[in-house]
Enquirer: 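The structure that follows is given in the form of structure tokens.
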Amino acid sequence: MRTLLLALAVLLAAPVAAQTYPSKPLKLVVPFTPGGSQDVIARLVAQKMGDSLKQQLIIENRAGAGGQIAAEAVAKSAPDGYTLFLASAGAMSIEPALRKVPYDPAKDFVPVVHLIDAPMTLIVGPGVKETGFKELLAAIKAQPGKLAYASTGPGTVSHLTMEALKQAAGLDLQHVPYKGAAPATQDMLAGVIPMMFTTTASAATLLASGKVRSLVVTTRKRSPMLPQVPTANELGYPQIEVSVWAGLIVPAGTPQDIVRRLNAEANAALKDAGIAKRLEDLGADPVGGTPQQFAEVMNADSARWARVIKSGAIKVE
């Protein structure tokens with residue numbers, strides 16, 4: 001009888017909890033340092049969602065280990081809707097394909113909403129004379145193993161996007177990893193390194209200076225920031241249709257009513273004209289949609305990077 005009463009109490013408590021949610025401040029764990037574009041995006045959305053939920057949505061920055069530290073902390077959090085995670089390809093798609101991680105992206109989390117996509121672009125420095133993407137590929141093929149490309153670090157989207165292109169186009173290029181975009185672009189401007197993939201937002205200032213050029217963007221449609229630059233799909237390379245995505249997820253076991261509430265609030269924030277404009281200024285395209293749609297994006301992204309990493313026999317220390 002006691003067991004039956006406890007079970008009944010749990011069943012009755014679930015709807016009540018959903019109705020009273022949220023009754024205290026929430027926390028959004030961001031696996032990046034303060035001030036970066038992903039952190040700014042998180043704060044924009046968190047502010048709007050917090051206002052609507054009538055509870056503060058506090059940002060907690062926990063950078064390090066490719067997002068593993070933050071992801072593990074969220075995976076171990078109570079599934080009560082009070083701890084959210086700013087998920088990205090690094091922690092969810094790439095790290096699990098590169099090494100053993102202390103969480104299972106598919107089992108330990110529930111998707112809430114796809115917040116943004118940020119396109120990548122291939123930029124070339126002043127020493128590159130080729131004016132088109134296919135001309136550049138031809139030049140690379142004519143000098144196998146002699147040219148190099150920069151990345152923002154081993155196992156980053158910048159690195160793996162070029163690896164995907166290498167595999168698709170049969171290129172032989174040397175990889176020169178840097179600790180972030182700033183030192184890589186400095187060497188590109190100095191003529192030390194000829195090319196790299198980076199986000200359109202990171203490339204914007206450089207492109208405006210006229211010192212570097214963009215030869216392709218990795219989106220299906222042309223980027224509003226670079227409308228004159230063709231897409232990889234247009235040029236016959238859909239294999240590098242890549243976006244740096246970010247979205248909200250919560251620990252597995254979070255009640256579906258709460259997931260739906262968070263999804264609705266996040267979608268409303270993304271539709272706010274002011275926030276949409278700020279995101280676009282950051283080079284991010286607001287997305288939104290259902291949890292299922294976001295799950296499909298994450299699953300496809302994980303499968304793609306696992307293939308690239310396996311085919312390229314990519315390992316990181």
Side-chain angles (χ1 to χ4, degrees), residues 28-32 38 41-42 45 65-68 70-77 79 81 83-120 155-161 163-165 167-168 199 218-221 232-233 237-256 258-260 262-264 266-267 270 284-312 314 316:
L28 173 54
V29 181
V30 176
F32 303 99
Q38 297 269 21
I41 288 164
V45 175
Q68 286 190 53
E72 182 182 13
V74 174
K76 292 178 178 178
S77 298
T83 302
L84 293 77
F85 182 51
L86 184 75
S88 64
M92 294 293 107
S93 305
I94 295 172
E95 285 294 312
L98 285 171
R99 65 191 106 217
K100 184 175 176 58
V101 296
Y103 52 88
D104 186 327
K107 295 180 180 179
D108 292 340
F109 303 96
V110 172
V112 174
V113 69
H114 186 172
L115 291 176
I116 61 96
D117 278 333
M120 302 285 285
T156 60
V157 177
S158 172
H159 171 207
L160 296 180
T161 303
E163 184 61 37
L165 176 59
Q167 293 174 20
T199 62
T218 64
T219 44
R220 182 165 298 180
K221 297 179 180 179
N233 200 49
Y237 289 92
Q239 301 92 330
I240 58 165
E241 191 178 293
V242 174
S243 285
V244 179
W245 57 265
L248 298 179
I249 61 177
V250 290
T254 301
Q256 281 302 303
I258 289 177
V259 172
R260 284 192 289 268
L262 291 170
N263 174 269
N267 273 300
L270 293 172
D285 300 324
V287 181
T290 67
Q292 180 57 37
Q293 287 170 327
F294 186 30
E296 290 169 2
V297 168
M298 290 195 293
N299 290 339
D301 200 57
S302 295
R304 182 251 297 285
W305 291 131
R307 286 193 302 271
V308 170
I309 289 165
K310 183 178 180 180
S311 296
I314 296 169
V316 296

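Predicted, not measured: the structure shown is a model, and the values here were computed from it.
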Enquirer: Looking only at heavy atoms, which two atoms of Asp285 and Pro119 are closest? And how far apart?
Expert: OD2-CD, 4.1 Å

Enquirer: Suppose we screen for salt bridge (charged side-chain N to carboxylate O under 4.0 Å, His left out). Which residues come up paired with Arg220, at least two apart in sequence or across chains?
Expert: Glu241

Enquirer: Could you list the residues that satisfy ring pair (Phe, Tyr, Trp, His ring centres under 6.0 Å) with Phe32, not counting sequence neighbours?
Expert: none

Enquirer: For Met92, run the side-chain contact (heavy atoms from CB on, under 4.5 Å) check against Asn299, Ile249, Asp301 and tell me which one passes.
Expert: Ile249

Enquirer: Can you tell me how far the CG atom of Leu115 sits from the OG atom of Ser88, to the nearest 0.5 Å?
Expert: 11.0 Å

Enquirer: So, taking the atom named CD1 in Ile94 and the one named CZ in Arg304, what distance separates them when rounded to the nearest 0.5 Å?
Expert: 9.0 Å

Enquirer: Closer than 3.5 angstrom, by distance alone: can the side chain of Asn267 be matched with the main-chain N or O of Gly289 as a donor-acceptor pair?
Expert: yes

Enquirer: Does Lys76 have any salt bridge (charged side-chain N to carboxylate O under 4.0 Å, His left out) partners at least two apart in sequence or in another chain, and if so, which?
Expert: Glu72

Enquirer: Side-chain contact test, heavy atoms from C-beta onward, threshold under 4.5 Å: evaluate it for Pro111 versus Met298 and give yes or no.
Expert: yes

Enquirer: If I take atom CG from residue Asn263 and atom CD from residue Gln292, how far apart are they, to the nearest 0.5 angstrom?
Expert: 11.5 Å

Enquirer: With a 4.5 Å heavy-atom cut-off, do Val287 and Gln293 have their side chains touching?
Expert: no

Enquirer: With sequence neighbours excluded, what pairs up with Ala65 under the side chain to side chain contact (heavy atoms under 4.5 Å, CB included) test?
Expert: Gln68, Ile69

Enquirer: Output the distance between atom CD (Gln38) and atom OG1 (Thr199), rounded to the nearest 0.5 Å.
Expert: 9.5 Å

Enquirer: For residues 101-116, which residue pairs pass the side-chain hydrogen bond (donor to acceptor under 3.5 Å, both in side chains) check, not counting sequence neighbours?
Expert: His114-Asp117

Enquirer: Could you walk me through whether Gln256 and Val259 pass the side chain to side chain contact (heavy atoms under 4.5 Å, CB included) check?
Expert: CA-CA 5 Å; Gln256 281 302 303; Val259 172; 4.3 Å; yes

Enquirer: Which heavy atom of Gly155 sits nearest a heavy atom of Leu98, and at what distance?
Expert: CA-CD1, 3.8 Å

Enquirer: Please report the interatomic distance CD(Gln167) to CG(Leu160), rounded to the nearest 0.5 Å.
Expert: 9.5 Å

Enquirer: Please give me the minimum heavy-atom distance between Leu28 and Leu86, naming the atom from each residue.
Expert: CD1-N, 3.6 Å

Enquirer: Under a 4.5 Å cut-off applied to non-hydrogen side-chain atoms, are Ile41 and Ile116 in contact?
Expert: yes

Enquirer: Provide the closest heavy-atom pair for Val110 versus Pro251 in the form atom of the first, atom of the second, distance.
Expert: CG2-O, 4.1 Å

Enquirer: For residues Ala232 and Ile240, report the shortest heavy-atom separation together with the two atoms involved.
Expert: CB-CG1, 3.4 Å

Enquirer: Heavy-atom distance under 4.5 Å between the side chains of Trp305 and Val242, does that happen here?
Expert: yes

Enquirer: For a quick test of reading the model, state the closest non-hydrogen atom pair linking Pro79 to Ala252 and the distance between them.
Expert: CB-O, 3.3 Å

Enquirer: For Arg307, give me all partners under side chain to side chain donor-acceptor pair (under 3.5 Å), at least two apart in sequence or on another chain.
Expert: none

Enquirer: Look at the aromatic rings of Phe85 and Phe109 and report parallel, tilted or perpendicular, splitting at 30° and 60°.
Expert: parallel

Enquirer: What's the verdict on side chain to side chain contact (heavy atoms under 4.5 Å, CB included) for Leu262 and Val250, showing C-alpha distance, side-chain angles and the deciding distance?
Expert: CA-CA 10 Å; Leu262 291 170; Val250 290; 4.1 Å; yes

